[in-house]
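Read the numbers this way: they start at 1 and go in the same order the structure lists the ligands and their atoms.
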Amino acid sequence: MLDIIATLQAEAETFQTLSAEELEKFRIKFLGKKGELTRLFDDFKAVPNDQKKVIGQKLNVLKQLATAKYDELKNTLDSSKHTIQLLDLSAPAESYAAGSRHPVNIVMNDIIKIFNRLGFTISDGPEIEDDWHVFSALNFPPEHPARDMQDTFFISKTPDVLLRTHTSSVQVRTMENQQPPIRTISPGRVFRNEAISLRSHCMFHQIEGLYIDKNVSFADLKQTLLYFAKEYFGADTKIRLRPSFFPFTEPSAEMDISCSFCKGNGCAMCKYSGWIEILGCGMVHPNVLEASGIDSKVYTGYAFGIGIERMALRKFGITDIRMLFENDVRMLNQFSKFL
Ligand code: PHE
């Protein structure tokens, strides 16, 4: 019996493995219910009393050794499994889906950059507004059609809450809070109760520009817009100002740029006129300055408002305005290079 114990002890001492299968075999052989140790402890009952002390000790040492060996190898195996997983340098890297800028955002940022270079700051205002900031302070007469249910989304009549129909409302908020000189642009989302179609939507974006100081003239407005047009559309771009009407500017104008597709010769893009309408502008009406607490005898100013969607459609050759608001990733992914 001592021989068997010695042989098993030598085997347990030298046993090494990195395989879970081999280790399990070791466990069954040594520590299993029908294993060597169980058998030896059974045989031990028949050992004569005078040998029991020596053999008993050896048997216990063997049992401890086999158990310790099993535990040690099991630990190594478990942790090495973990380490191997963590350190598998050949595993392929996880790929991240890169987002892309929205075409409206791309155009907006390009325009903002140009006016930043001219010293315009950016101001922001709420999309949910009141009658004063969207209409009354901007010299809209009470019966003006823009206040009509067909154009404006009214949320409640009393108190008067509505969705802003243009970012000119931010112009009022800026003038209320700041004395001239003011030179700011306000990019933002606006809402109009219009039927959604290929060419128009009930939600779109504008950038409103405002400059108020002493001696600001229409010539300043024209020069600023010419600079913007050349920077944005190319150095050979021409501009044309047509008389127009807005309640909050006097005189008012609409600005066209020479069509960059046909160089003014006439094409489908410019409806064969050679010109494309880009924005509305004018000198801020004295009533508007006074309504916001600015002395119209001391200060003058100009304002302009650019619609972003139309510029984005043209820039990227998108034919349907609704595509800008459907959030179809197949369409939006195409703009990732503009990040
Ligand atoms: N707010 C005008 C619009 O929404 C645009 C505009 C802004 C015109 C500033 C003149 C001056 O159509």
request  = Give the numbers and elements of all ligand 1 atoms closer than 4.0 Å to a heavy atom of F304.
outcome  = 7 (C), 9 (C), 11 (C)

request  = For ligand 1, find out whether one of its N or O atoms is nearer than 3.5 Å to an N or O atom of S168.
outcome  = yes

request  = In plain terms, say whether R27 and E24 are close enough for a salt bridge, that is, a side-chain N and a carboxylate O under 4.0 Å apart.
outcome  = yes

ask   = Looking just at side-chain N and O atoms, do Y211 and T184 make a donor-acceptor pair shorter than 3.5 Å?
value = no

query = If you measure from each heavy atom of M255 to ligand 1, is any distance below 4.0 Å?
reply = no

request  = Dump the intermediate steps for side-chain hydrogen bond (donor to acceptor under 3.5 Å, both in side chains) on N333 and S100, then the final yes or no.
outcome  = CA-CA 6 Å; N333 273 344; S100 58; 4.6 Å; no

note = A student checking ligand 1 against A303 at a 4.0 Å heavy-atom cut-off should list atoms 9 (C), 11 (C)

request  = Compute the minimum heavy-atom distance from Y302 to ligand 1 and say whether it is under 4.0 Å.
outcome  = no

message = Among all protein heavy atoms in this structure, tell me which lies nearest to atom 5 (C) of ligand 1, with the distance rounded to 0.1 Å.
response = G305 CA, 4.0 Å

query = Looking just at side-chain N and O atoms, do H205 and E309 make a donor-acceptor pair shorter than 3.5 Å?
reply = yes

remark   = Per-atom filter on ligand 1: closer than 4.0 angstrom to a heavy atom of C281 are 8 (C), 10 (C), 11 (C)

request  = Taking the six-membered ring of F335 (Phe, Tyr or Trp), confirm whether the NZ or CZ of R101 is under 6.0 Å from its centre and within 45° of its axis.
outcome  = no

request  = Using a 4.5 Å cut-off on heavy atoms from C-beta on, say whether the side chain of L289 contacts that of T300.
outcome  = no

ask   = With a cut-off of 4.0 Å, which atoms of ligand 1 are near a heavy atom of Q206?
value = 3 (C), 4 (O)

ask   = Out of curiosity, is Q171 lining ligand 1, as in a heavy atom under 4.0 Å away?
value = no

ask   = What do you reckon, is CG of N75 surrounded by more than 12 foreign heavy atoms closer than 6.0 Å?
value = yes

query = Taking only heavy atoms of F248, which atoms of ligand 1 are found under 4.0 Å from at least one of them?
reply = 1 (N), 2 (C), 6 (C), 7 (C), 8 (C), 9 (C), 10 (C), 11 (C)

request  = Answer yes or no for K157 and F154: cation-pi contact, defined as NZ/CZ to six-membered ring centre under 6.0 Å and angle to ring axis within 45°.
outcome  = yes

Atoms of ligand 1 close to R192 [distance to a heavy atom under 4.0 angstrom, numbered from 1] = 3 (C), 4 (O), 12 (O)

